[in-house]
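Down below is the structure, laid out as structure tokens.
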Amino acid sequence: MDKVFVKGLRVDAYIGVYDWEHEQTQPLFLDLTMAWDQTAAGGSDALSDALDYDTLSKAVVALIQARPRQLIETVAAEVAQLILTDFNVASVTVRVEKPQAVAAANTVGVEITRSRA
């Protein structure tokens with residue numbers, strides 16, 4: 001299966017388990033990889049046949065910024081569900097990094113892969 005990806009999507013979000021983490025936004029960085037058949041788009045050169053990664057990225061940002069969350073695991077699960085449902089992809093891998101979570105690390109994160117049932 002062909003793939004479409006978005007790497008390093010920055011979303012400033014209220015995220016964390018501590019009260020102070022909900023007083024100011026923190027950056028999250030997302031990598032999204034979607035299984036998507038490129039045959040039609042490659043032949044037609046039409047956006048209507050492609051997975052519109054700009055629209056998809058804006059939807060992901062809006063979802064994450066809609067409300068505070070405690071866990072990046074929740075963010076990953078909700079983003080995966082949004083992409084599977086609203087963009088009709090066969091499967092999606094969502095990687096969420098939270099670089100400010102652990103002072104001694106460059107970043108920490110989670111990665112999940114989900115498919116349509």
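As the structure is a computational prediction, the values presented were derived from the model and not from experiment. The first residue in the sequence is number 1, and the count goes up from there.
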Which hydrophobic side chains are connected to Leu71, either touching it within the sub-4.5 Å cutoff or through other members that do? Val17, Tyr18, Trp20

Ignoring hydrogens and angles, tell me if any N or O in the side chain of His22 forms a donor-acceptor pair with the backbone of Pro68 under 3.5 Å. no

I need the full list of salt bridge (Lys or Arg N to Asp or Glu O under 4.0 Å) pairs touching residues 17-39, with sequence neighbours left out, sorted by first then second residue. Glu21-Lys98

If two hydrophobic side chains count as joined below 4.5 Å and joins carry through other members, does Phe29 share a cluster with Leu82? no

Going from OG1 on Thr25 to CD on Gln100, what distance comes out if it is rounded to the nearest 0.5 angstrom? 8.5 Å

Taking only residues at least two apart or on different chains, which pairs with a member in residues 74-90 satisfy salt bridge (Lys or Arg N to Asp or Glu O under 4.0 Å)? Arg67-Glu78, Arg69-Glu78

Nearest heavy-atom contact between Trp36 and Phe87 is CZ3-O, 3.5 Å

Indicate yes or no for a side-chain donor-acceptor contact from Gln26 to the backbone of Ile15 under 3.5 Å, with no hydrogens or angles considered. yes

Members other than Tyr14 in its cluster, when Ile, Leu, Val, Met, Phe, Trp, Tyr link by side-chain heavy atoms under 4.5 Å? none

Are Leu51 and Leu63 connected, step by step, through hydrophobic side chains (Ile, Leu, Val, Met, Phe, Trp, Tyr) whose heavy atoms are closer than 4.5 Å? yes

Do Val79 and Leu30 have side-chain heavy atoms sitting under 4.5 Å apart? yes

Those residues at least two apart in sequence (or on a different chain) that pass side chain to side chain contact (heavy atoms under 4.5 Å, CB included) with Gln81 are Thr85

Would you tabulate the side-chain donor-acceptor contacts of residues 54-62 under 3.5 Å, counting partners in other chains and residues two or more places apart, or write 'none'?
residue, atom, partner, partner atom, Å
Asp54, OD2, Lys58, NZ, 3.2
Thr55, OG1, Asp52, OD2, 2.8
Ser57, OG, Tyr53, O, 2.7

Identify, with sequence neighbours excluded, every residue that meets side chain to side chain donor-acceptor pair (under 3.5 Å) alongside Asp2. none

Please enumerate all residues that pass side chain to side chain contact (heavy atoms under 4.5 Å, CB included) together with Ser115, with sequence neighbours excluded. Ser91

What's the spacing between Ile64 CD1 and Thr74 OG1 if we round to 0.5 Å? 11.5 Å

Please tabulate, for side-chain N and O atoms in residues 3-10, each donor-acceptor pair with protein atoms closer than 3.5 Å (sequence neighbours left out).
residue, atom, partner, partner atom, Å
Arg10, NE, Asp12, OD1, 3.0
Arg10, NH2, Asp12, OD1, 3.1

Side-chain donor-acceptor contacts of residues 101-114 below 3.5 Å, not counting sequence neighbours, with atom names and distances?
residue, atom, partner, partner atom, Å
Thr107, OG1, Glu97, OE1, 3.4
Glu111, OE1, Arg95, NH1, 3.4
Thr113, OG1, Thr93, OG1, 2.9

